[in-house]
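Labels below follow one simple rule: chain letters A, B, ... track the order of the sequence lines, proteins then strands, and each chain is numbered from 1.
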There are 2 protein chains.
Amino acid sequence: MAIKEAVRPGGRSARVQEAVHHAVRELQITKSREELSVPQIANKAGVTPSTIYRRWGNLAELLADVSLERLRPDDEPPQTGSLAGDLQAWGEQYLDEMTSLPGQCMLSDIMASAERERRERCYRYSETIMACLRERAVKRGEATPSVEDLMDGVIAPMTYRLLYDLDTATPARLSRWIAQTLPSADSPD
Amino acid sequence: MAIKEAVRPGGRSARVQEAVHHAVRELQITKSREELSVPQIANKAGVTPSTIYRRWGNLAELLADVSLERLRPDDEPPQTGSLAGDLQAWGEQYLDEMTSLPGQCMLSDIMASAERERRERCYRYSETIMACLRERAVKRGEATPSVEDLMDGVIAPMTYRLLYDLDTATPARLSRWIAQTLPSADSPD
DNA sequence: CACCTAACGCAAAATATTTGCTTTATGAGC
DNA sequence: GCTCATAAAGCAAATATTTTGCGTTAGGTG
């Protein structure tokens, strides 16, 4: 019955982690990023600040940790019957989520983290989704690009624009990225 | 003779700015990111901490500001005689710069800034370079993609991988992004 | 040349962070 | 179950950082 996660993930540790994460999420509803502070979060979570500092190091890392947790693939991406459709459907809801204020904060928090590993987790997350959509297409017998090509052709421009030029992170462009990435077949242009 | 930059960019202000920037660059040589502090920088620059806090807000913004300054296009990108060549040449030196430790720190500092405007300046910077290389190609009579397409096809995957998956930010992949973006002509594969 | 005021210096006050030591409670071995 | 070793948390004092109010300096303007 040994849980293999951290060194000692048992009851109290997990409880503290949950309390702190929960406190952050609660506070984020009312307070803006620069109104948040470690002592404040600690107080709300019912722990001492030193606990947070020792576990997370600083506010930035804590926020990144909380943000990353939201990035769990909770539900299966919607099915539309074609790879292009699946990409568009998933991408649109992702864009929608990430262009929102909380979404942008989430991205910021993750990017502000010094831990390279966190950003790599984002990469793996997107990769997993691309692999899933691609797998569906393969099963249907569609001709499909590699996951690599999907990452470069769709995820990269989408993410790039979410980070650097928000105005151009739109569903219309998404269609373009998808069309140019998939083996040309039915796009009239 | 009026300089139109800030509200009052005259002598002293500019001197302080330069002193602080210089102090940061000096300290960055020996100290790692988490060893830097505002009071330390202030001391080295010969100003009081409150000056820095009032002008830049916090350490993260100051570092981002310093990093961004390095992003000025100091010299014309090398000419190779073809768009593919120009892109590869410029891209390789950019990759080289950005995969280095100082380059990665620079990217981190910029991404950690809360000011969206800073990231947009990065976007404009890359865009300017793409426009320049494209302009050359057009003058030579080459068939060229739009700047937009260069951004999506080359800059986006490059930047994406520099940020999220450093191992895959390589010249070899750069070739691939370029080949797939340019109107197919001479690539044997 | 005199005046206005943005930007800086200074130092006290408020906050946040670190640290040494104590206490608690999980998980392993008996 | 009970005991023990220790990871993780609490507590509080010591540091360090950040904010703030107010006096001073020095660009820029008339």
Atom-pair distance ([atom1] on [X]; [atom2] on [N]), nearest Å:
| X | N | atom1 | atom2 | value |
| --- | --- | --- | --- | --- |
| B/Gln40 | D/dT15 | CD | P | 19 Å |
| B/Leu59 | D/dA16 | CG | P | 17 Å |
| B/Gln17 | D/dA26 | CD | P | 19 Å |
| B/Trp56 | D/dT17 | CH2 | P | 18 Å |
| A/Glu18 | D/dA9 | CD | C1' | 17 Å |
| A/Asn43 | C/dA16 | CG | P | 11 Å |
| B/Ile41 | D/dT17 | CD1 | P | 11 Å |

Base C/dC8 paired with B/Ser50 side chain (donor-acceptor, <3.5 Å):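 Absent.
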Per the atom types in the model, does the base of C/dG20 pair as donor or acceptor with the side chain of A/Arg54 at under 3.5 Å?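 For A/Arg54, whose side chain was compared with the base of C/dG20, there is a donor-acceptor pair (under 3.5 Å).
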OP1 or OP2 of C/dC8 sitting under 4.0 Å from any side-chain N/O of B/Thr48?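 No, no such contact exists.
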Taking 4.0 Å as the cut-off, does a side-chain nitrogen or oxygen of B/Arg15 come that near to OP1 or OP2 on C/dA7?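 Result: no.
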Between [Y] and [X], does any NZ, NE, NH1 or NH2 come within less than 4.0 Å of an OD or OE carboxylate oxygen?
| X | Y | result |
| --- | --- | --- |
| A/Glu142 | A/Arg136 | no |
| A/Arg176 | B/Asp152 | no |
| B/Glu127 | B/Arg124 | yes |

When we call it a touch if two heavy atoms are under 4.0 Å apart, what does A/Ser37 touch: a base, just sugar-phosphate, or nothing?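 Sugar-phosphate, backbone atoms only, no base.
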Measure from the side-chain N and O atoms of A/Arg119 to the backbone N and O of A/Ile110, and report whether any donor-acceptor pair falls under 3.5 Å.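 No, A/Arg119 side chain to A/Ile110 backbone: no donor-acceptor pair under 3.5 Å.
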Within the side chain of B/Arg118, is there an N or O that forms a donor-acceptor pair under 3.5 Å with the backbone of B/Ser113?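 Between the backbone of B/Ser113 and the side chain of B/Arg118 there is no qualifying donor-acceptor contact (under 3.5 Å).
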Between [options], which nucleotide gets closest to the side-chain atoms of [X]?
| X | options | result |
| --- | --- | --- |
| B/Pro39 | D/dA26, D/dA9, D/dT17 | D/dT17 |
| A/Arg12 | D/dA8, C/dC8, D/dT20 | D/dA8 |
| A/Arg55 | D/dC11, D/dA9, C/dC8 | D/dA9 |

Pairwise 5' ranking along DNA chain C for A/Pro49 and B/Gly46, keeping only the more 5' one: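 Going by which nucleotide is closer to the 5' end, it is B/Gly46.
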